[in-house]
Engineer: 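Input: one structure, supplied below.
Worth knowing before you read on, the calculation uses all heavy atoms, side chains too, and leaves out hydrogens, waters and symmetry mates. Sequential numbering from 1 along the given sequence is applied to the chain's residues.
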Amino acid sequence: MYSSTEKEGTRRRQQVDSIVEGVGINRVTENFEAGRDLIDDAVKVTDEQACKMARWLVEHDGIFIGSSSAVNCVAAVVAAMALPKGSRVVTVLCDSGTRHLSKLWKKIGEMGLEDEPKPDNLFTLLAIEQPKDIIT
């Protein structure tokens, strides 16, 4: 997953084809290495899921986020589904949507999400398997 030849500070500008910058890179940063033993698992989030989550949050909760926060929120939903009932999940909304207008929010606009029927269920929107004991 990681290449030791691409140490921190040597990454090409457009290394991956993701709308979310700085994630999914094939190198280990010093910050990541310092906390590696604290990580139990990882959640893969698609650009489409991140875009749909950002749109959902702005429409339903009035929270205008950037791409990293959108990924965090999708991953928090996925992680929550694997935890016992009554568990708490905390995530960080680490970026505002204001610095993501030309990339994330432009992509959201190009996806035509405003023209699609809006599901009332976040699990359906994100194509995440919904637990059977969740009432929507």
Engineer: How would you list, by chain and number, every residue that makes a salt bridge (Lys or Arg N to Asp or Glu O under 4.0 Å) with Lys107, sequence neighbours excluded?
Structural biologist: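 Lys107 satisfies salt bridge (Lys or Arg N to Asp or Glu O under 4.0 Å) with no residue once adjacent residues are dropped.
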Engineer: Could you state the interatomic distance from CE (Met111) to NZ (Lys52), rounded to the nearest 0.5 Å?
Structural biologist: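 Here the interatomic distance stands at 5.5 Å.
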Engineer: At what distance, to the nearest 0.5 angstrom, does SG of Cys51 lie from CD of Glu110?
Structural biologist: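 CD of Glu110 is found 9.5 Å from SG of Cys51.
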Engineer: Go through the structure and list residues passing side-chain hydrogen bond (donor to acceptor under 3.5 Å, both in side chains) with Thr98, not counting sequence neighbours.
Structural biologist: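 Thr98 satisfies side-chain hydrogen bond (donor to acceptor under 3.5 Å, both in side chains) with Ser96 once adjacent residues are dropped.
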Engineer: Minimum heavy-atom separation for Gln49 to Lys44, with atom names?
Structural biologist: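 So the two residues come closest at OE1-O, 4.1 Å.
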Engineer: Report yes if some heavy atom in the side chain of Cys73 is under 4.5 Å from a heavy atom in the side chain of Leu93; otherwise report no.
Structural biologist: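 Heavy-atom side-chain distance check passes, below 4.5 Å.
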Engineer: Apply the hydrophobic cluster definition, ILVMFWY joined by side-chain contacts under 4.5 Å directly or through others, and give me every member besides Leu38.
Structural biologist: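 Noted: Leu38 shares its cluster with no other residue.
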Engineer: May I ask you to list the residues sharing a hydrophobic cluster with Val89, side-chain cutoff 4.5 Å, ordered by chain and number?
Structural biologist: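 Traced through the cluster, Val89 reaches Leu83.
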Engineer: Give me the atom names and distance for the closest heavy-atom approach of Val45 to Ala75.
Structural biologist: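 That would be CG2-N, 4.1 Å.
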Engineer: Run the salt bridge (Lys or Arg N to Asp or Glu O under 4.0 Å) test against Glu33 and tell me which residues pass, sequence neighbours left out.
Structural biologist: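 Partners of Glu33 by the salt bridge (Lys or Arg N to Asp or Glu O under 4.0 Å) criterion, ordered by chain and then number, come out as Arg36.
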Engineer: Of all heavy-atom pairs between Met53 and Leu126, which one has the smallest distance, and what is that distance?
Structural biologist: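 In terms of heavy atoms, the two residues are closest at CE-CD1, 3.6 Å.
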Engineer: With sequence neighbours excluded, tell me which residues meet side-chain hydrogen bond (donor to acceptor under 3.5 Å, both in side chains) with Asp95.
Structural biologist: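 If we apply the side-chain hydrogen bond (donor to acceptor under 3.5 Å, both in side chains) test to Asp95, skipping adjacent residues, the hits are Ser69, His100.
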Engineer: Without placing hydrogens or testing angles, list every side-chain donor-acceptor pair under 3.5 Å for residues 57-66, not counting sequence neighbours.
Structural biologist:
residue, atom, partner, partner atom, Å
Glu59, OE2, Arg55, NE, 2.5
Glu59, OE2, Arg55, NH2, 2.9
His60, ND1, Trp56, O, 3.2

Engineer: To check you understand the geometry: which heavy-atom pair defines the closest contact between Val78 and Ile128, and what is its length?
Structural biologist: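 For Val78 and Ile128, the tightest heavy-atom pair comes out as CG2-CD1, 3.7 Å.
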